[in-house]
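Just below is one structure, and these are the notes that go with it.
Here is how names work: the chains are called A, B, and so on, in the same order as the sequence lines, proteins then strands, and each is numbered from 1.
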There are 2 protein chains.
Amino acid sequence: MFSKACQYAIRAVLYIATQSEQGRRTSLKDISKEIDSPEAFTAKILQQLSKNSILLSIKGPNGGFEIPDETMKRVKLIEIVRIIDGDQLFTGCALGLKACNEEKPCPLHNQFLGIRTNIHQLLENTTIKKLVNDLELGLTFLKR
Amino acid sequence: MFSKACQYAIRAVLYIATQSEQGRRTSLKDISKEIDSPEAFTAKILQQLSKNSILLSIKGPNGGFEIPDETMKRVKLIEIVRIIDGDQLFTGCALGLKACNEEKPCPLHNQFLGIRTNIHQLLENTTIKKLVNDLELGLTFLKR
DNA sequence: ATTATTTAGGATAAATTTGTCCGAAATAAA
DNA sequence: TTTATTTCGGACAAATTTATCCTAAATAAT
Ligand code: FES
Ligand code: FES
């Protein structure tokens with residue numbers, strides 16, 4: 001469904017967001033520890049997100065990553081997915097034909113359309129902020 | 001969603017099924033031409049499916065692959081997916097935690113559950129036979 | 001029996017994704 | 001100004017997935 005890179009991206013963003021909410025900037029080291037991800041690989045992903053204005057990166061001592069409150073209210077999951085995985089999930093064909101295409105549909109097209117719509121809506125309607133609350137209440141988790 | 005191998009598998013099975021319905025046995029060469037897939041790679045996949053009794057393979061001149069009518073009525077898509085891709089799609093966590101787990105859910109767990117159920121039901125309720133009809137009527141396609 | 005055709009299966013290769021390493025750049029603190 | 005800390009960015013490496021190649025085995029037709 002999502003690539004590992006994308007899963008790390010979402011987990012990282014959510015962790016940074018919980019910290020930012022409490023006024024704490026967080027370092028790569030912390031992040032990869034708290035979401036249980038490979039550090040250097042995570043760095044690459046955060047770089048991409050930062051280039052795409054999903055988060056802020058600050059170099060130097062006490063540097064790290066932050067997400068402004070405005071940003072976590074604005075940014076939807078779908079943006080993160082698009083940045084990391086592209087939009088194959090939304091435009092691709094379930095059975096691997098060149099692209100999903102209503103005119104010449106694959107045998108799963110009709111049944112798949114509903115699922116795709118569900119996924120799209122979920123990602124389109126979910127902001128970072130929305131997910132942060134449950135995390136802070138300890139109702140959901142970023143690692144086990 | 002599905003690996004390429006799995007997409008080829010489903011397309012191949014459906015093509016073989018349409019041919020079998022008309023009493024025609026079909027060769028690897030035909031199959032990979034008709035579903036537009038790499039021949040040798042497709043061979044590996046068909047081998048797996050044949051070992052798992054999803055289809056029949058016959059060696060030698062006029063050999064090839066078939067699916068008995070009984071089989072296409074019985075076999076659901078979920079079985080093909082399980083054989084080729086395993087059950088990661090059904091048991092895995094959307095955000096890559098060790099496994100999906102109701103007790104310690106990831107932040108997407110609740111919203112993802114519905115989607116997962118949809119996918120599962122679609123694959124569980126769809127037999128090969130069900131998809132063959134539309135294919136024969138030219139309403140759906142296995143390549144473009 | 002011999003030959004031609006077709007799948008089986010092992011070895012290998014290419015492509016992609018995932019992951020690591022290390023020096024450069026920025027920057028804060030001493 | 002020097003040093004320590006932290007991200008950036010490029011090169012490299014490992015793992016996985018996708019794809020190819022070749023010989024063996026089966027078997028039908030000659
Ligand atoms: S054509 Fe295959 S999913 Fe739309
Ligand atoms: S715990 Fe992540 S999907 Fe269930």
Can you name the residues that form a side-chain hydrogen bond (donor to acceptor under 3.5 Å, both in side chains) with B:K76, not counting sequence neighbours?
-> B:E124
[atom1] of [X] versus [atom2] of [N]: gap in Å, rounded?
X	N	atom1	atom2	value
B:N62	D:dA26	CG	P	19 Å
B:L55	C:dT6	CG	P	17 Å
B:L56	D:dT27	CG	P	12 Å
A:I45	C:dT17	CD1	P	13 Å

With B:R24 via salt bridge (charged side-chain N to carboxylate O under 4.0 Å, His left out) - residues at least two apart = none
With sugar-phosphate taken as primed atoms, P, OP1 and OP2 and all else as base, the protein-contact string of nucleotides 7-20 of chain D at under 4.0 Å (heavy atoms; B, S, -) is BSBBB------BBB
Got a donor-acceptor contact below 3.5 angstrom from the [X] side chain to the [Y] backbone?
X	Y	answer
B:K130	B:N125	yes
A:S20	A:I16	yes
A:R144	B:L97	no
A:N52	A:Q48	yes

